[in-house]
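Each chain gets a letter, A, B and so on, in the order its sequence line appears, and its residues count up from 1.
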Amino acid sequence: MPSLDPTFAALPLRELAEAALAKARELGVDHADLRSERIRVQQIRLRDAELDGASESVDSGLAVRVVHRGTWGFAAGTVQTPEAAVRLVEQAVRVAEVSAPVNTEPVVLAPEPSHGEQVWISAYGTDPFEVPDAEKIALLGDWSKRLLAHDAVAHVDASLHAVKENKFYADTNGTITTQQRVRVHATLEAVAIDEATGAFETMRTLAPPVGRGWEFLQGVGWDWDAELAALPGLLAEKLAAPSIEAGEYDLVIAPSNLWLTIHESIGHATELDRALGYEAAYAGTSFATLDKLDTLKYGSPVMHVTGDRTVQHGLSTVGFDDEGVQTQQWDLVKDGILTGYQLDRRIAQLKGLNDGRSNGCGFADSPGHAPIQRMANVSLQPAAGGPSTEELISRVKNGLYIQGDKSWSIDMQRYNFQFTGQRAYLIKDGKLAGQVKDFAYQATTTDFWGAMEAVGGPETYVLGGAFNCGKGQPGQVAPVSHGCPSALFRGIRILNTVQEAGK
Amino acid sequence: MSGAQSGSTPQQLAERALALAEADGTVVLVEESTTANLRWANNTLTTNGVAANRRVTVVSTVRGSAGTSAASVSQAGVTVDTIETLVRESEAAARAASPAPDARALLGPNDVSGSQGVRWDEAAVGTDIEVFTSLAPALGESFDAARSAGQLLFGFAEHTAVTTYLATSTGLRLRHDQPTGKLELNAKTPDFVRSAWDGAQTRDFSDVDVVSLAAGLGQRLDWQKRRIDLPAGRYETLLPPTAVADLMIYLFWVASARDAADGRTVFSAPGGSGGTKVGQRIGVPGLRLWSDPAASGLESSPFNAVGSSSSQASVFDNGLPLTATDWVRDGVLERLVTTRQSAEETGLPLAAPIDNLLLEAGGTASLEELTRSTTDGLLLTCLWYIREVDPQSLLLTGLTRDGVYKVEGGEVVGVVNNFRFNESPVDLLSRIAEAGRTEVCLPREWNDYFTRAAMPALRIGDFNMSSVSKAS
């Protein structure tokens, strides 16, 4: 069983909290919370099997957030002493005072029971920071060489990104949590070049980022050997593949691609802070506005989407959020209808959703940032006893089977999107008929999900995700997972990206 | 706020790290940063904050039989009592690393001309919430005005001050102060259907007039009273400086000489020869794309400060003096971004990355004048969600945002629906029909990562609006 990081456990967390919360009460705040965080990140990159860069960083510090006379105040620093914690409380109150003249909407937080003292540690086997660097570099080097050994492969980029996140939280409500999460993301991307023309193509491994430890790179939860063995041949086929003919196609989309479409067109669109306009000047708003709750036809009746921060190995998964709220699972879209949103304590109270209780989506990416509403693991549920990927493909006369995410872009209201992928196969009369290249799919969110005819069974379900979801000002980056089965879509617009470039 | 960093000074930390170091070479970067921000939506404050941070990065280089290896370890909140751990971790990581292909001798005081030791002993510059003591009431005034006009204001103001101290075991002592300020303002009608945006970058907020910016947005919302639906297609399009900046910054980010020589970017020579397009015409005559650490209002670090090596930067090149560099001159690609290693390997001149970007294409007209000389075209506000679709052509996709205006006979006649575009910034350089005067602007999309830009507005005869977006 993993245990709490000793460097973090050695901090005087209890004294910091007591000093800060006592000062906050003395200054008469409505609410105060203190977070101490230690976030350790390692990045190792290899280029053509040679080390290109190895870096490690630790972000640690202390943050105090108050609600003072109905206005937020936030202050953060890196010194972790009771005196520094008290100074942060004073600064946070001063920030609230300077801000008060421009605040017309008093901040009230949704009630949350006091959870007392809680410790939560994510499910992983081996802490990646306990593995010698030389072993990590050697493994990535070996994997790179396996790819480079193939004639078609001109270059290989390999990278490992490992994170260990410790959070201590204490608030004036009496909740005190100490939590630890570990996550890893390893990728290899191979490049093939047509020496005659200079044309090139790339292909990346489909292994997702996961809330697991080093064991993931040793084959627990992913078959690296099989993926690395297949990749060069798939890339060679892609380089030689015909350019797609633009037009309408039926699509069977693998979870390795569909997770990102879910993230962009459902995950962000069901964030209530966006729907209310809090992100309007930056990340954007949402077409799925509050007046459409329980009526908006998001997609076809086979569409069932949940939000959770509880699934094992999920990147958004945690015991308690950064506002002291116990995490949950709930419906966002049921039978194709919008039925829920992602909430933090302020907006849950403001709109009285979820019986006036947050569903635990408050998150800050570092001790220097205040928590905002961030994404839960938003996942498309498979159909019990549903079809296999091959069965879905067999239902298509003229279509594409798309695997792996690549390029993505969606508008500020989450309507119009365009995605590419790592590879696509033509489907002819229910059978795969070789790869095509230069494809992109473009659609409007509700049209796309409305065109979803079938979702695959549980055996097709994979948890994908990303470390780097961006939102908020100042910008914050959050890790999040999205599970989904393979799914079948009818009549989607496919572009040829070479034609789009005017060539 | 720097008082929040109790105990030792950044200079003492750097010297202590070097005194403890046992590696063959050591680079220490101490970054003292303070930041303050205000965010608002729906005519009211939403979040705010101040933060102070001290980050120490130790790069160790270790000579071995097969070559020199390097590793970098970085930590926030380090003190003189805890810095030894950081130094030892960095050294252990360097010993575990395989040889670094970019290994070169570390630079010394003789390599950095007059900047050695300049203002080294002075304390870091800082900022705090008081930087907004004028802005906050002006915002309040703008909220009142917006309320009376039936409009909503959204936006963000941020001021950051970073002082970087760079010290090496070879004797370098360099220091740079970098203030960065930005304000984004967005006005909407309460139904969110009409939306207008403006932004400003500043070093200290003394030159930001939020009341006047808000008034300008009010006029834009008036322009949007008439709505015209247009289909996808190629349109004559005026790109304002902020939109040009977001496209050119992407181009700059992929301008690695090493990647180009490896045959994997838009700047690779065709035919798989291992060459690059340096020396080839890629833009219209008179076009200049450059960076200059001394550019007025866009001042950036005059020396290289690198925490971790990549294809565009090397930890071994820390302290390298940066001077004005033309990436494109008179339409010809002059430079790609190199390290000392990639410059040697590609035979191209040494040109390290610089934290600002400027474009000039011979124009003198303002955006308003360009609009008045437009017979039939689109005037954009900004671009959004820009992502690479195809690295070979550097095809980018993205959206128009916060106001696409139809211009007829030199007049704005209404607002058009938003579009998704598919265009390559490299291709655009050769399709510029007309350019305006170069102006300092705030890049809408990339200002979290790259703020300092000066760009002209550009007229493109046939900008590819690939599909209609229903977003507003």
Side-chain angles (χ1 to χ4, degrees), chain A residues 50-61 72 74-79 84 87 91 94-95 98-99 101-105 132-134 137 155 191 193 195 198-200 277-278 280-281 285 368 370 407-413 415-416 418 420 440 442 444 473-475 497 500-502, chain B residues 4 6 37 39 41-42 44-54 71-77 93 96-98 101 129 136-137 139-140 154-156 184 186 192 262-264 270-272 308-310 384-385 387-390 393 395 397-399 401 420 422 424 448 466-467 469-471:
Chain A
E50 284 189 331
L51 187 65
D52 193 35
S55 64
E56 190 177 321
S57 72
V58 177
D59 200 359
S60 63
W72 287 124
F74 177 83
T78 53
V79 182
R87 266 201 307 276
Q91 276 182 356
R94 175 65 188 142
V95 169
V98 169
S99 310
V102 284
N103 182 29
T104 57
E105 200 173 80
D133 289 354
I137 295 165
H155 299 288
V191 184
I193 301 173
E195 290 297 334
F200 63 89
Y278 292 109
T285 59
S407 173
W408 74 101
S409 173
I410 188 164
D411 70 38
M412 45 285 172
Q413 223 177 333
Y415 275 122
N416 175 304
Q418 178 177 305
T420 67
Q442 208 183 60
T444 292
Q473 287 182 308
T497 57
E500 285 296 306
Chain B
S6 62
N37 66 75
R39 194 180 197 201
N42 298 315
T44 185
L45 177 87
T46 52
T47 57
N48 55 22
V50 293
N53 201 353
R54 169 183 288 174
S72 149
V73 178
S74 159
Q75 190 169 337
S98 45
I129 198 72
L139 260 181
F154 305 79
F156 181 61
E184 292 196 61
N186 173 213
F192 287 13
D262 274 357
R264 49 197 295 192
S308 176
S309 289
S310 67
W384 186 249
Y385 224 118
R387 294 292 183 278
E388 184 179 287
V389 178
D390 183 0
S393 59
L395 181 71
T397 193
L399 284 304
R401 185 171 184 180
R420 168 173 300 287
N422 279 313
S424 162
D448 284 343
S466 172
S467 61
S469 156
K470 287 156 74 177

* Asked: Where does B:E388 contact chain A at under 4.5 Å (heavy atoms): side chain, backbone, both or neither?
  -> backbone
* Asked: Closest approach of A:V95 and B:G49, non-hydrogen atoms and distance?
  -> CG1-N, 4.0 Å
* To do: Please state whether the side chain, the backbone, both or neither of A:S60 comes within less than 4.5 Å of a heavy atom of chain B.
  => both
* Asked: Non-hydrogen atoms of chain B under 4.5 Å away: do they reach the side chain of A:E500, the backbone, both or neither?
  -> both
* Asked: Heavy atoms, side chains only, cut-off 4.5 Å: are B:R264 and A:I193 in contact?
  -> no
* Identify which of A:Q473, A:E105, A:R94 forms the greatest number of heavy-atom pairs closer than 4.5 Å to chain B. => A:Q473
* Side-chain contact test, heavy atoms from C-beta onward, threshold under 4.5 Å: evaluate it for A:W408 versus B:R387 and give yes or no. => yes
* Asked: Relative to chain A, which segment of B:N42 carries a heavy atom at a distance below 4.5 Å: side chain, backbone, both, or neither?
  -> side chain
* Asked: Which atoms of A:Q442 come close to chain B, meaning under 4.5 Å heavy atom to heavy atom: side chain ones, backbone ones, both, or neither?
  -> side chain
* Structural part of A:F74 lying under 4.5 Å from a heavy atom of chain B -> both
* What part of A:V191 gets closer than 4.5 Å to chain B, counting heavy atoms only: side chain, backbone, both or neither? -> side chain
* Asked: Which region of B:N37, side chain (C-beta onward) or backbone (N, CA, C, O), has a non-hydrogen atom less than 4.5 Å from a non-hydrogen atom of chain A, or is it both or neither?
  -> side chain
* To do: Quick one: closest heavy-atom pair of B:E184 and A:A281, and the distance?
  => OE1-O, 4.2 Å
* **Residue among B:L395, B:V73, B:N48 with most heavy-atom pairs under 4.5 Å to chain A** => B:N48
* Structure fact -> Scored by heavy-atom pairs under 4.5 Å with chain B, the best of A:P101, A:G502, A:P474 is A:P474
* Of all heavy-atom pairs between A:I137 and B:A97, which one has the smallest distance, and what is that distance? -> CD1-CA, 3.8 Å
* Among the listed options B:L399, B:D448, B:N422, the residue most often paired with chain A at heavy-atom distances under 4.5 Å -> B:N422
* Which bit of A:S99 comes within less than 4.5 Å of chain B, counting heavy atoms only: side chain, backbone, both or neither? -> both
* **B:S74 (side chain) donor-acceptor with A:S57 (main chain) under 3.5 angstrom** => no
* Most contacts with chain B, counted as non-hydrogen pairs under 4.5 angstrom, among A:A440, A:A370, A:S55 -> A:S55
* Looking at A:Q413 and B:A471, what are the two nearest heavy atoms and their distance? -> OE1-CA, 3.2 Å
* Does the side chain of B:R420 reach to within under 4.5 Å of the side chain of B:S467, using non-hydrogen atoms? -> yes
* Side chains of B:V389 and A:Q418: does their closest heavy-atom pair fall under 4.5 Å? -> yes
* Heavy-atom pair with the smallest gap, counting every atom of A:A76 and A:G368 -> CB-CA, 3.8 Å
* **For chain B, the option from A:V98, A:N103, A:D411 that forms the most heavy-atom pairs under 4.5 Å** => A:D411
* Does the B:S469 side chain pair with the main chain of A:N416, one donor and one acceptor, at a distance under 3.5 Å? -> no
* **Proximity breakdown for A:A75 and chain B, heavy-atom pairs closer than 4.5 Å** => both
* Structure fact -> Closest non-hydrogen atoms of A:G277 and B:A41, given as atom of the first, atom of the second and distance, are O-CB, 3.7 Å
* Where does A:T285 contact chain B at under 4.5 Å (heavy atoms): side chain, backbone, both or neither? -> side chain
* To do: Pick one of side chain, backbone, both or neither for B:R401, based on which atoms fall under 4.5 Å of a heavy atom in chain A.
  => both
* Can you say whether B:L139 sits under 4.5 Å from chain A via the side chain, the backbone, both, or neither, judging by heavy atoms? -> both
* Let me know if B:S466 has heavy atoms under 4.5 Å from chain A in its side chain, its backbone, both or neither. => both
* Asked: For chain B, which of A:L51, A:D52, A:D59, A:I410 has the most heavy-atom pairs under 4.5 Å?
  -> A:I410
